2 protein chains.
Amino acid sequence: MKTILVDMDGVLANTNQHFIDYEYQRSGEKILWDNISGLLEEEAFPNFLEDVNTKNFFRTVPVMENAFQGLDYLNKKYNVLIISSATEFPNSLTEKAEWLAEHFPFISWKQMMFCGRKDFIKGDIMIDDHPKNLNIFPGQRVLFSQPHNSNRDVEKATRVTGWDDIINIL
Amino acid sequence: MKTILVDMDGVLANTNQHFIDYEYQRSGEKILWDNISGLLEEEAFPNFLEDVNTKNFFRTVPVMENAFQGLDYLNKKYNVLIISSATEFPNSLTEKAEWLAEHFPFISWKQMMFCGRKDFIKGDIMIDDHPKNLNIFPGQRVLFSQPHNSNRDVEKATRVTGWDDIINIL
């Protein structure tokens with residue numbers, strides 16, 4: 001059985017929408033998806049650092065559309081490992097494990113991995129929205145479209161625009 | 001530069017002593033190290049599950065003797081990754097990241113990895129107290145002596161009794 005490494009933020013979790021919602025609640029400003037094309041999260045969201053360090057930010061992030069069905073499909077076909085860059089924000093760690101357990105109850109704690117870098121994890125397929133992670137991955141690369149990667153293609157990667165695409169190609 | 005995977009509980013953290021201290025505070029019973037030889041933690045400590053789920057248990061565990069000097073030594077010579085099986089106990093995740101940052105400030109968040117299984121992590125050397133982790137590790141194996149592994153040798157592993165040994169052999 002092949003091992004597939006699945007990212008959280010921007011893939012299972014609609015973290016960009018959460019930043020937009022937090023900013024709207026804070027300042028009343030509606031950040032438009034069209035206006036953050038090509039920008040990294042820390043460039044797109046003026047209070048990025050405050051948000052990611054806010055208690056419960058990661059615990060309450062909305063689930064990406066069709067991620068439940070998509071991950072359930074992958075979990076029956078592959079050895080799924082959920083890999084999240086999370087150690088930069090210690091508060092996020094417990095919240096992310098609880099969030100996964102709540103929204104994806106078929107994923108066990110044995111399938112969760114929270115790290116600071118992804119280049120020392122073995123797998124056959126990686127689904128990620130960050131080109132920096134895919135560019136150093138030796139296996140099959142799947143780039144999950146997000147505004148920040150709209151102008152950054154990844155060599156040998158298949159770009160998907162959502163979980164329906166993932167079910168179709170994997 | 002070689003990559004070395006360093007375990008937390010039973011290697012950097014004197015978690016057995018912490019269980020003993022918790023039990024003494026709870027019941028007045030002094031569990032003796034000699035009496036838990038050969039027993040897994042869940043067999044040795046009657047309130048294991050309560051302790052590991054107690055808030056701040058992992059945040060307050062004592063540092064293993066000479067671990068600071070030992071890890072500082074390794075960190076200058078190797079690419080050190082701290083690998084801890086932690087996702088089974090979500091509360092422990094944030095506490096472990098904070099504990100590492102407090103006691104080993106030279107270790108960055110990029111070097112921390114909290115997981116449910118260790119067989120999908122690449123490295124050249126592994127220091128661990130659990131034979132189950134070392135037995136499936138293809139690189140150089142270092143078994144850190146703890147009561148629970150006193151009767152469990154690991155093929156091709158070098159057994160060390162503390163951090164002074166590690167500095168001597170690595």
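None of these values were measured; they are calculated from a predicted model. By convention in this document, chain letters (A, B, ...) are assigned in the order of the sequence lines, proteins followed by strands, and residues within each chain are numbered from 1.
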Which one of A:Thr87, A:Ile121, A:Thr3, A:Leu81 has the most heavy-atom pairs closer than 4.5 Å to chain B? A:Thr87
Over 60° means perpendicular and under 30° means parallel, so classify the ring planes of B:Phe89 and B:Phe48, tilted if in between. perpendicular
Please check this pair: side chain of A:Trp99 against backbone of A:Thr60, looking for a donor-acceptor N/O pair closer than 3.5 Å. no
Do you know which of B:Asn16, B:Asp129, B:Thr161 makes side-chain hydrogen bond (donor to acceptor under 3.5 Å, both in side chains) with B:Gln146? B:Asn16
Cation-pi, B:Phe120 ring and A:Lys122 (6.0 angstrom, 45 degrees): no
Go through the atoms of B:Leu100 and report whether side chain, backbone, both or neither lie under 4.5 Å from a heavy atom of chain A. neither
Taking every heavy-atom pair that is under 4.5 Å apart, which of B:Ile82, B:Ile83, B:Asp119, B:Asn79 has the most such pairs with chain A? B:Asn79
Of A:Gly123, A:Gly116, A:Ala97, the largest count of non-hydrogen pairs under 4.5 angstrom with chain B goes to A:Gly116
Check this for me: B:Lys110, atom NZ, are more than 12 non-hydrogen atoms of other residues, nucleotides or ligands nearer than 6.0 Å? no
Applying a strict 4.5 Å limit to non-hydrogen atoms, the region of B:Ser108 in contact with chain A is neither
